[in-house]
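Only one structure is covered here, and it is reproduced in the block below.
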There are 4 protein chains.
Amino acid sequence: MVDPQDNGRPRSRRLPRAVRERQILDAAVEVFGTRGFHTASMDEISEVAGISKPMLYAYLGAKDELFVACIRREATRLIEAISVAVETGLSPAEQLWRGLRVFFEYVQRNQAGWAVLHRQANVQGEPFVTELAESQERATAVIAVLLAQATEGSAQPMQPEQTEPFAAALVGAGEALVEWWFHHPAHTADGMAMRLMNMVWMGFGDLVEGRSWTPGS
Amino acid sequence: MVDPQDNGRPRSRRLPRAVRERQILDAAVEVFGTRGFHTASMDEISEVAGISKPMLYAYLGAKDELFVACIRREATRLIEAISVAVETGLSPAEQLWRGLRVFFEYVQRNQAGWAVLHRQANVQGEPFVTELAESQERATAVIAVLLAQATEGSAQPMQPEQTEPFAAALVGAGEALVEWWFHHPAHTADGMAMRLMNMVWMGFGDLVEGRSWTPGS
Amino acid sequence: MVDPQDNGRPRSRRLPRAVRERQILDAAVEVFGTRGFHTASMDEISEVAGISKPMLYAYLGAKDELFVACIRREATRLIEAISVAVETGLSPAEQLWRGLRVFFEYVQRNQAGWAVLHRQANVQGEPFVTELAESQERATAVIAVLLAQATEGSAQPMQPEQTEPFAAALVGAGEALVEWWFHHPAHTADGMAMRLMNMVWMGFGDLVEGRSWTPGS
Amino acid sequence: MVDPQDNGRPRSRRLPRAVRERQILDAAVEVFGTRGFHTASMDEISEVAGISKPMLYAYLGAKDELFVACIRREATRLIEAISVAVETGLSPAEQLWRGLRVFFEYVQRNQAGWAVLHRQANVQGEPFVTELAESQERATAVIAVLLAQATEGSAQPMQPEQTEPFAAALVGAGEALVEWWFHHPAHTADGMAMRLMNMVWMGFGDLVEGRSWTPGS
DNA sequence: GATGAATGAGGATTCATTCAT
DNA sequence: TATGAATGAATCCTCATTCAT
């Protein structure tokens with residue numbers, strides 16, 4: 001017989017509010033990331049968090065709201081990591097390269113968070129889609145700005161109407177590559193970043209001709 | 001008073017099996033595409049299909065299986081459309097261009113099908129994820145072959161290990177662009193295809209320099 | 001061990017819709033009447049009705065709606081019984097007397113229904129109060145009309161503004177007497193009706209003087 | 001941001017027990033009166049009272065007990081007010097008239113208390129119904145005594161078995177009139193009292209004939 | 001004395017799925 | 001074949017009540 005409450009973490013009592021909230025969010029990200037929004041049950045989340053359901057509701061509200069809170073936290077973390085890596089005065093290519101590396105590193109270190117962010121969040125018909133779209137747009141916007149800056153000095157600077165879809169496509173390509181990565185886990189984060197950098201920067205036309213991008217070039 | 005069963009389609013009886021199955025699949029794609037897998041109810045699907053629930057189960061099995069059937073049908077349709085557009089003896093760039101055009105046209109004409117394929121299918125924790133991955137891999141494989149052919153004659157032909165992730169990234173970029181398209185519906189399918197073609201073929205490096213790709217070039 | 005499903009009524013299956021609805025309403029009135037709206041549980045109602053909860057919901061909707069349905073049915077029954085007894089061409093006193101008799105007879109035969117109607121329904125803060133008030137007003141209106149007719153030919157015919165509160169007070173007195181009756185069950189329905197008739201028709205002033213009302217006077 | 005605990009009343013500490021209890025009862029009557037017994041939550045009561053829940057329980061016990069305490073206090077207040085108005089050596093009609101006036105005035109000044117007393121208290125299935133009945137009987141008894149005294153000198157003095165149901169009916173009529181009053185708030189307390197006095201004292205038979213009761217007659 | 005933190009227990013509701021006709 | 005009728009099993013959520021500080 002195994003105590004179903006015993007999940008390895010000590011079920012410490014009387015914690016201050018802030019700590020509990022983090023505990024809960026951690027558990028929620030883990031469960032949502034593994035099971036998906038619908039399949040996840042508040043019961044399981046509360047068990048993993050080591051608290052009772054009433055506390056779950058008291059601290060972070062209903063299931064929707066909890067999920068939104070997860071998304072917000074993870075999105076913020078990812079976006080900030082990328083922003084930090086990027087906001088220097090380097091060349092556009094270098095900036096992009098750094099951003100991509102940070103991105104793959106984040107995903108590697110934080111798979112559940114990534115799943116929450118990407119795989120569970122695209123489901124239609126939910127009350128939180130609107131809330132979610134915002135986070136995704138914020139993410140795309142960071143990239144779009146990066147692209148805009150890259151062309152600023154060039155002959156044909158890109159307009160937002162061009163950078164925006166480009167950024168969206170870049171994010172989509174990144175997401176897809178992550179998915180592929182899950183099925184081929186032997187590769188390193190850097191290796192993945194380099195792959196994407198090459199595609200994005202050089203384009204297939206150049207790659208076909210044997211020209212490729214390398215760090216420092 | 002309106003008969004809730006009356007959805008305009010005649011509730012004809014004694015149809016041959018194949019027709020019934022198509023009817024059902026059409027309804028299922030519509031409902032799954034609109035509501036998402038979990039939020040969709042077998043009740044609604046049977047209503048939209050114009051048959052009773054026991055028939056639904058008799059013809060296409062449980063909810064999972066029905067969803068898988070939807071995915072399979074839509075994936076097959078899309079892949080075939082692309083394959084047809086591509087399997088001629090044209091230049092790689094031209095092949096890719098045609099493939100992309102067909103892709104965006106398909107999505108435009110068949111939004112529910114696309115939603116089933118892309119947005120609802122990425123949910124984890126379901127018994128059908130494995131089944132689903134297969135379809136997605138098939139789609140990616142078509143592109144990968146295309147890319148492999150493109151480099152066949154070049155100095156550094158790409159190996160599957162290279163083309164495959166590239167294809168995945170391309171598909172991901174396409175999906176993301178479609179999403180962006182939904183929010184900016186003024187653009188044409190051709191315009192979207194051209195956008196993606198430029199990114200993929202020229203790469204950002206070239207675009208920054210003012211070089212871009214145009215059909216026929 | 002007793003089978004909790006076995007409530008004496010055969011759990012017959014496959015009944016036509018109309019029959020089931022009556023079965024359910026009967027059970028609901030019984031349980032609501034005994035326990036009160038809040039204390040009653042849908043579980044118990046479904047058990048008493050001999051069906052499963054999903055059917056309960058399918059047929060009569062959520063708890064609120066079910067309760068409203070109960071009230072409506074019981075109110076209609078009572079009002080109709082009284083209306084029938086009253087709508088002849090008799091003298092006002094005779095009409096009133098008949099109405100009262102029918103009222104107490106109804107309550108005697110249908111205690112649960114009466115409890116639903118009167119005791120459970122006055123609770124504030126519920127979503128169905130509005131729906132309920134309507135039934136109560138309908139009941140009062142029947143009496144008010146009766147009173148209005150009684151004074152039609154007199155020197156000072158009563159206006160609605162006078163008959164309405166009077167009718168309300170009469171109904172209230174009736175309700176209170178029923179409550180008292182529950183604690184003194186030895187009395188007959190006719191006896192109770194006579195009591196109320198005397199109070200209402202003669203008034204305390206006359207009673208004090210030794211004048212009272214008797215049928216046929 | 002507003003402190004949810006801040007309801008205007010200073011959350012003073014260390015008050016003597018009696019004061020605290022009054023504070024709590026005031027809050028409880030307010031909340032029970034507005035929301036009803038079941039819909040009211042101990043949380044809200046403690047908030048309105050400006051104390052923490054453990055204190056609430058320490059002072060006045062569980063929810064049932066608290067509710068009973070509310071009823072007892074309000075019933076006592078009302079009964080005392082009426083008793084005072086009535087216990088003089090006036091004529092029966094005058095006594096009744098004064099009692100009714102006090103009754104409607106009390107209700108007007110103390111609506112929440114009245115709601116607790118009348119509208120929330122009739123719910124069955126609760127452990128406190130017995131406790132409650134006692135209060136209601138006390139109230140009725142006051143009236144019954146009044147009626148008994150009125151007939152003491154007459155030819156046919158009423159026995160308790162007659163006065164008691166009459167008193168109950170009178171109370172019921174009063175309650176119903178109050179309800180009607182809530183929907184027609186333009187009327188004054190005196191006007192309402194006069195209405196009821198007329199019905200009760202003269203009876204419908206006299207009223208129909210154009211005879212009515214007026215103060216001082 | 002006073003309270004923020006915590007929970008056991010239970011209720012409403014829905015849905016995929018399957019008989020019995 | 002075709003379906004109206006039926007349900008087991010879960011899930012979300014709330015509330016009265018009580019520790020531990």
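Chain letters run A, B, ... following the sequence lines, proteins first and then strands; every chain starts at 1.
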Requested in this report: Using Watson-Crick or G-U wobble geometry with both distances below 3.5 Å, tell me the partner of F/dA20, or none.
Outcome: E/dT3
Requested in this report: Compare all side-chain heavy atoms of C/Leu66 with those of C/Tyr59 and state whether any distance is below 4.5 angstrom.
Outcome: no
Report task. Grab the CG-C1' distance between B/Leu60 and E/dA16 for me, whole Å please. Result -> 16 Å
Query raised in the report: Hey, mind stepping through C/Phe32 and C/Lys63 against side chain to side chain contact (heavy atoms under 4.5 Å, CB included) and telling me if it holds?
Result: CA-CA 10 Å; C/Phe32 280 136; C/Lys63 202 182 182 186; 4.2 Å; yes
Requested in this report: Figure out the CD/P separation between B/Gln23 and F/dA2, and round it to whole Å.
Outcome: 11 Å
**Report entry** Whole-Å gap separating P (F/dC12) and CD (A/Glu44)
**Finding:** 11 Å
Requested in this report: Determine, stepwise, if the pair D/Asp26 / D/Glu30 fulfils side chain to side chain contact (heavy atoms under 4.5 Å, CB included).
Outcome: CA-CA 6 Å; D/Asp26 287 344; D/Glu30 183 181 328; over 6 Å; no
Query raised in the report: Want to settle it: does D/Met55 or A/Tyr59 sit nearer the 5' end of DNA chain E, counting the closest nucleotide to each?
Result: D/Met55
Report summary line: Taken to the nearest 0.5 Å, the spacing of A/Ser41 OG from A/Arg35 CZ works out to 8.0 Å
Query - Assigned partner base of E/dG8, Watson-Crick or wobble definition, under 3.5 Å - result: F/dC15
Query raised in the report: Whole Å only: how far is the CG atom of A/Leu15 from the P atom of E/dA6?
Result: 6 Å
Query - Atom-to-atom span, CD1 of B/Ile45 to P of E/dA16 - whole angstrom - result: 8 Å
Report task. Just do the side chain to side chain contact (heavy atoms under 4.5 Å, CB included) check on C/Met55 and C/Arg20 with the steps written out, would you? Result -> CA-CA 9 Å; C/Met55 279 292 94; C/Arg20 270 280 136 94; 5.6 Å; no
**Report entry** Atom pair distance, as rounded to whole Å: CZ in C/Arg17 and C1' in E/dT21
**Finding:** 18 Å
Requested in this report: Would you mind reading off the distance between B/Arg20 atom CZ and F/dA2 atom C1', rounded to a whole angstrom?
Outcome: 9 Å
Query raised in the report: Separation of C/Leu56 atom CG from E/dA12 atom P, in whole Å?
Result: 10 Å
Requested in this report: Among A/Ile45, A/Ile24, A/Leu15, find the one that has a side-chain contact (heavy atoms from CB on, under 4.5 Å) with A/Ile51.
Outcome: A/Ile24
Query raised in the report: Where the side chain of A/Glu65 meets the backbone of A/Ala62, is there a donor-acceptor pair that is under 3.5 Å apart?
Result: yes
Query raised in the report: Once each nucleotide of nucleotides 13-19 of chain F is scored for protein heavy atoms under 4.0 Å, what B/S/- sequence comes out, 5' to 3'?
Result: BBBSBBB
